[in-house]
Amino acid sequence: MEISVASYARTAIPRNALCQPCPAAAPSLARSHRNNGLKSSCSFLGESIRVAASKSTPRVSRAAAGSSLVTKCEIGDSLEEFLTKATTDKSLIRLLMSMGEALRTISFKVRTASCGGTACVNSFGDEQLAVDLLANNLLFEALEYSHVCKYACSEEVPELQDMGGPVEGGFSVAFDPLDGSSIVDTNFTVGTIFGVWPGDKLTGVTGRDQVAAAMGIYGPRTTYIIALKDCPGTHEFLLLDEGKWQHVKDTTSIGEGKIFSPGNLRATFDNPEYDKLINYYIREKYTLRYTGGMVPDVNQIIVKEKGIFTNVISPTSKAKLRLLFEVAPLGFLIEKAGGYSSDGTKSVLDKVIENLDDRTQVAYGSKNEIIRFEETLYGSSRLKTGAPVGAAA
């Protein structure tokens, strides 16, 4: 099914809101092998990515050049100010600024998308809405405009794409362009997930090898959640009316609290241990906060600084969540925020990504909740220290 996105590209966006539509003469960077039948006469991002990339090269003093953390990051900083303080890696700053430009454009497209039907099916057999394909192309273009990405891989196009960046000092990026796209038409919150690895490899690596991870969240507010390997904490940026990202929250610890988000409940039918865990949450009067979207459910743990998210498998309900595109980047964000992740026996950041389509079960949450998760499902926990594991009220 062929869908034209010319009308999307021509959509007028106020100057004080989001990215401007690109000039008619701007060449499209979308390659035919990742267009999936889309036709576009111009670049989605236009000049905004070029401007952001050119402005995102910070001046770092010689005294600070040897330090991974230049100065203290502060609430109220712009995205560029924050990144300049958080890392001396100019290439990483450039990449994250470019992705920020893509996220704010995707936010506009999601708000104005027509979701009357599906556009096509990707190679994994998942349905794609038209807005999925728009987000997919926007992110590929952002990575190409950054000039620092060597390879990129999308959940919708699960093959390595050469972005033209360097191997030495460059990065490889894996992303889910629109996680939760099946609930766009119901106006639930959806989001983008991406992880950044150094060099030119996305297999034979672990989530712990990431130098950064992020998610964009498109809800009542649009936010950009970022964690960098050498910068403490996980950081939230709010998209303001004038189109700028402002630093609004740091999360450095995930405490105990009775909030649970149980994914894949059908697995309780033939996984008695998972059924036991869910019954514990209900018996102990945990508050159910589950949207059906992984991005908002995991973001809830970071913003509320408490809670547990689970997605468990069973003999008849196999793993759906992909380690490279979803689980590892979100695990990086959770653990940098002071939380923990688990596949049942170990941190998801320690799982080697052997293939682009590797899948896994997962839990994210506070230390005591992950202890309970591992003990209930497998009888013991690597995190057990003898401390009480009961969640606070």
Side-chain angles (χ1 to χ4, degrees), residues 29-31 33-34 43 45 49-71 79-80 82-103 138-155 157-176 192-214 226-232 323-325 328-329 331-333 336 349-356 358:
L29 291 183
R31 294 190 174 92
H33 58 262
R34 62 175 182 260
S43 166
L45 301 181
I49 284 290
R50 295 191 186 95
V51 172
S54 65
K55 288 183 177 180
S56 63
T57 304
R59 291 185 175 87
V60 181
S61 66
R62 290 183 180 179
S67 173
S68 62
L69 192 64
V70 182
T71 57
L79 176 61
E80 184 177 357
F82 168 84
L83 292 173
T84 301
K85 294 176 181 179
T87 179
T88 58
D89 190 332
K90 298 178 182 180
S91 293
L92 184 58
I93 293 172
R94 190 181 184 96
L95 186 145
L96 293 173
M97 289 292 292
S98 294
M99 292 296 271
E101 292 294 319
L103 295 183
L138 282 163
L139 292 162
F140 271 123
E141 290 198 4
L143 293 169
E144 189 157 20
Y145 273 121
S146 76
H147 302 295
V148 296
C149 180
K150 177 55 181 174
Y151 289 115
C153 187
S154 162
E155 188 175 41
V157 186
E159 300 173 356
L160 289 183
Q161 309 293 320
D162 193 338
M163 296 289 100
V167 174
E168 186 69 29
F171 306 98
S172 291
V173 178
F175 61 88
D176 183 348
T192 296
I193 306 168
F194 68 90
V196 184
W197 280 262
D200 61 347
K201 295 186 182 301
L202 288 173
T203 55
V205 297
T206 68
R208 208 169 294 283
D209 295 327
Q210 292 172 100
V211 293
I226 297 175
L228 293 87
K229 186 171 186 176
D230 296 324
C231 178
L323 181 59
L324 176 63
F325 304 105
F332 189 89
L333 290 170
K336 288 294 291 185
L349 297 185
D350 294 324
K351 294 177 71 69
V352 178
I353 302 165
E354 301 287 357
N355 304 289
L356 299 179
D358 284 352

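Every value quoted in this text rests on a predicted model; they were computed, and no experiment measured them.
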Peer 1: Do L202 and L324 have side chains that get closer than 4.5 Å, going by heavy atoms?
Peer 2: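 Yes; the side chains approach each other to less than 4.5 Å.
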Peer 1: Flag the pair V211 / L92 as yes when at least one side-chain heavy-atom distance between them is below 4.5 Å, and no otherwise.
Peer 2: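 Yes - at least one pair of side-chain heavy atoms lies under 4.5 Å apart.
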Peer 1: Quick check: closest heavy atoms across F82 and C231, and the distance to 0.1 Å?
Peer 2: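 Closest approach of F82 to C231: CZ-SG, 4.3 Å.
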Peer 1: Do K229 and F332 have side chains that get closer than 4.5 Å, going by heavy atoms?
Peer 2: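 In short, these two side chains touch, coming nearer than 4.5 Å.
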Peer 1: Taking the side chain from K150 and the backbone from M163, do they hold a donor-acceptor pair closer than 3.5 Å?
Peer 2: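 Not a single qualifying donor-acceptor pair exists.
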Peer 1: With distance as the sole test, does W197 use its side chain to make a donor-acceptor pair with the main-chain N or O of A174 at under 3.5 Å?
Peer 2: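 Pair absent, no side-chain N/O of W197 close to backbone of A174.
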Peer 1: Can any side-chain N or O of S98 pair as donor or acceptor with the backbone N or O of R94 at less than 3.5 Å?
Peer 2: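 Side chain of S98 to backbone of R94, a donor-acceptor pair under 3.5 Å: yes, one is there.
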Peer 1: Return yes if some donor-acceptor pair links the side-chain N/O of Q210 with the main-chain N/O of A328 below 3.5 Å, else return no.
Peer 2: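 Side chain of Q210 to backbone of A328, a donor-acceptor pair under 3.5 Å: yes, one is there.
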Peer 1: Please check if the side chain of N355 supplies one atom and the backbone of D358 the other of a donor-acceptor pair under 3.5 Å.
Peer 2: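 Between the backbone of D358 and the side chain of N355 there is no qualifying donor-acceptor contact (under 3.5 Å).
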Peer 1: Closest approach of L143 and M99, non-hydrogen atoms and distance?
Peer 2: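 Heavy-atom minimum between the residues: CD2-SD, 3.6 Å.
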Peer 1: Assert yes or no for the condition that the ring centre distance of F175 to F140 is strictly below 6.0 Å.
Peer 2: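 That pair passes the under 6.0 Å test.
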Peer 1: The test is side-chain contact (heavy atoms from CB on, under 4.5 Å); show your working for T206 and I353 and say whether it passes.
Peer 2: CA-CA 6 Å; T206 68; I353 302 165; over 6 Å; no
Peer 1: Considering residues at least two apart in sequence or located in another chain, which fulfil the ring pair (Phe, Tyr, Trp, His ring centres under 6.0 Å) criterion with F171?
Peer 2: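 Listed in chain order: nothing, the list is empty.
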Peer 1: Show the nearest heavy-atom pair for residues L95 and S146, with the distance to one decimal.
Peer 2: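 That would be CA-CB, 4.1 Å.
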Peer 1: Looking only at heavy atoms, which two atoms of P158 and L356 are closest? And how far apart?
Peer 2: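 Minimum heavy-atom separation between P158 and L356: O-CD1, 3.4 Å.
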Peer 1: On a heavy-atom basis, which atom in L96 and which in I226 lie closest, and how many Å separate them?
Peer 2: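 That would be CD1-CG2, 4.4 Å.
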Peer 1: For Q161 and E159, indicate whether the former's side chain and the latter's backbone hold a donor-acceptor pair under 3.5 Å.
Peer 2: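 Looks like yes, one N/O pair under 3.5 Å.
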Peer 1: Minimum heavy-atom separation for C149 and V173, please, with both atom names.
Peer 2: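 So the two residues come closest at SG-CG2, 4.1 Å.
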